[in-house]
Amino acid sequence: MTELKKIRDRHGISQEAISQALGVSRSAVAMWETSEAYPRGKTLARLADFLGCTIDELYGRGKDGA
């Protein structure tokens, strides 16, 4: 999830805020940011909703699919 940290920083949201909103550990969020781990399907959708972006944007694909 190459863009998670950039999107999170752009919105001024901490890893802790994401972890609390999604019910996961802060270390899980940190591992998502470094692509050491990935969230499961429902959590991924909730993460995108929480950040106001698409799943594609989290993975570095723009709204145009590129």
Is any side-chain heavy atom of Leu4 closer than 4.5 Å to one of Tyr59? no

hydrophobic_cluster_shared for Leu22 and Val29, side chain cutoff 4.5 Å: yes

Any donor and acceptor pair, going by atom type alone, linking the side chain of Gln20 with main-chain N or O of Ala17 inside 3.5 Å? no

Could you tell me whether the side chain of Trp32 reaches within less than 4.5 Å of the side chain of Val24, counting heavy atoms only? yes

I want to check something: taking the side chain as every heavy atom from C-beta on, are Leu51 and Leu58 in contact at a cut-off of under 4.5 Å? yes

Please check if any side-chain donor atom of Glu36 sits under 3.5 Å from a side-chain acceptor atom of Thr34, or the reverse. yes

Using modelled atom types only, decide if a donor and an acceptor are shared between the side chain of Arg26 and the backbone of Gln15 within a distance under 3.5 Å. no

On a heavy-atom basis, which atom in Ser19 and which in Glu16 lie closest, and how many Å separate them? OG-O, 2.7 Å

Could you tell me whether the side chain of Arg61 and the main chain of Thr54 form a donor-acceptor pair under 3.5 Å? no

Would you say that Leu44 contacts Met1 through its side chain, given a criterion of any heavy-atom pair below 4.5 Å between the two side chains? yes

